[in-house]
Each structure stands twice: as C-alpha cells, then as structure tokens.
Amino acid sequence: SQLPQAAQDKNHNAIFKGSCCFHRSNAGESMAWAESVDTVLANKEGLAAFRTFLKSEFSEENVEFWLACEDFKKTKSSTKIASKAQKIYSDFIQADAPKEINIDFHTKNDISQKISEPTLSCFDAAQSSIYSLMAKDSFPRFLRSDLYRELLQKHQDRNQKRWLPFL
C-alpha cells in the first residue's frame, strides 16, 4: 500500500535528517504553511504566529474555538463531555459570550437545543463554519501579512547561517 504524501515526507525527514542537506528545514516548514490552513494549525510555531495575527485582527476567538473543539472531540469521559461542552458553549456560543464566535442563527440555535445532552459532534457544524471562515478569509490575509513575511525571513536567515556558517 502506498503511504500518503505527508507520511512519505515525514519518513524522508526522519531518515535523512542530520545525514543529508536535503531535509525540510524550518524555512521549508514555514513556507509550507502557505499550502493550507491545516499546515499552520498542525505546526506549533505556525499556530502561534497565526494566533498572533488573529489577535491583531481581533478575531483570535476563531482559532481558540477551533482548538477547543479539537480537544473536546478527544474527550472520553461522559462527565467531562458535559462539562467541556458547557464551557465551550458559555465561552463561544451563547449570546454575549466573552469570546463569541460569528456563526449563523440556525447553527447557534441547534447547539443551544442540544447542549443539555451534548455529544462529541454537537459543535461540528459550528467548527466547520469557523474553519471555513479562517481558511477563506483570515488565512489568505495572514499569508500577506508583515508578521508572516518577517517569520519567513527569520527562518531563511537562520537556515542560511546553518548551511553557510562563514556568512
């Protein structure tokens, strides 16, 4: 069976890291962030940069909600499901929530009706909506931002010094 490309890249990096100059560097990783919002969300430094950018646009609640949902979906205990769902609801969904996200009335209403008996999928529609908003709206602006350009430059400078120590 053929490995997915991401797994092949990971295997390549594991095999050649340290023994070859062709492994993906940090500069390569930060440039790879431009491929998709998933790449940024999956990378610790990329996520931190994206959060900083969203904070500057006063929309960090979107990534915070998305991360809270990712954590929520991993919950095993039924008592924790209820308490985490209530926390997400009170932080992000209910009217005048401190980090209220911008979702349509029907999605918000649907969650409000199900929150008394939450399931691991009760926030899926809202999470999907927020993901789409980040991917189509915030992410392209992030890639054009000075923050992203500075990060790329920092990684390129660091990479250049690593391979050309005499500079």
For residues 94-103, tabulate all N or O donor-acceptor pairs below 3.5 Å that involve a side-chain atom, not counting sequence neighbours.
residue: K99; atom: NZ; partner: E64; partner atom: OE1; Å: 3.0
residue: E100; atom: OE1; partner: D96; partner atom: N; Å: 3.2
residue: E100; atom: OE2; partner: K108; partner atom: NZ; Å: 2.5

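Note that NZ of K154 and CD of E150 are 10.0 Å apart. Values are rounded to the nearest 0.5 Å. Of the inter-residue distances, the one linking K73 atom NZ with C69 atom SG reads 7.0 Å to the nearest 0.5 angstrom. Atom-to-atom distance recorded for N109:CG and I93:CD1 is 12.0 Å, nearest 0.5 angstrom. Rounding to the nearest 0.5 Å gives a distance of 12.5 Å between CG of D146 and CG of L151. In this structure, the separation between CE on M134 and CG on L41 is 5.0 Å, given to the nearest 0.5 Å. The distance from the CZ atom of F142 to the OG atom of S56 is 10.0 Å, given to the nearest 0.5 Å.
L120 and F72 get closest at one heavy-atom pair: CD2-O, 3.3 Å. Residues F50 and F139 approach most closely at CE1-CA, 4.0 Å, considering heavy atoms. Across all their heavy atoms, Y89 and S112 have their closest contact at OH-OG, 3.0 Å. I88 and A68 get closest at one heavy-atom pair: CD1-O, 3.7 Å. In terms of heavy-atom proximity, A135 sits nearest to V37 at CB-CG1, 3.8 Å. Nearest approach of C122 to P118, heavy atoms of both residues: SG-CB, 4.0 Å.
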Problem set entry | Criterion side-chain contact (heavy atoms from CB on, under 4.5 Å) on E61 and I130, from CA distance to verdict | CA-CA 10 Å; E61 70 278 358; I130 291 301; over 6 Å; no

For this session: Mind running side-chain contact (heavy atoms from CB on, under 4.5 Å) on N62 and E57 for me, showing each step along the way?
Result: CA-CA 11 Å; N62 291 335; E57 291 203 329; over 6 Å; no

Exercise. Can I115 and F123 be said to form a side-chain contact (heavy atoms from CB on, under 4.5 Å), step by step?
Worked result: CA-CA 10 Å; I115 198 65; F123 298 111; 4.0 Å; yes

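Annotation for K55: atom NZ does not count as buried by contact number, only 12 or fewer foreign heavy atoms lying within 6.0 Å.
Ring orientation note: the planes of W66 and Y131 are tilted relative to one another, at an angle of 30° to 60°.
Side chain of S132 to backbone of S129: no donor-acceptor contact under 3.5 angstrom is found. When atom types are taken as modelled, the side chain of S128 and the backbone of D124 share no donor-acceptor pair closer than 3.5 angstrom.
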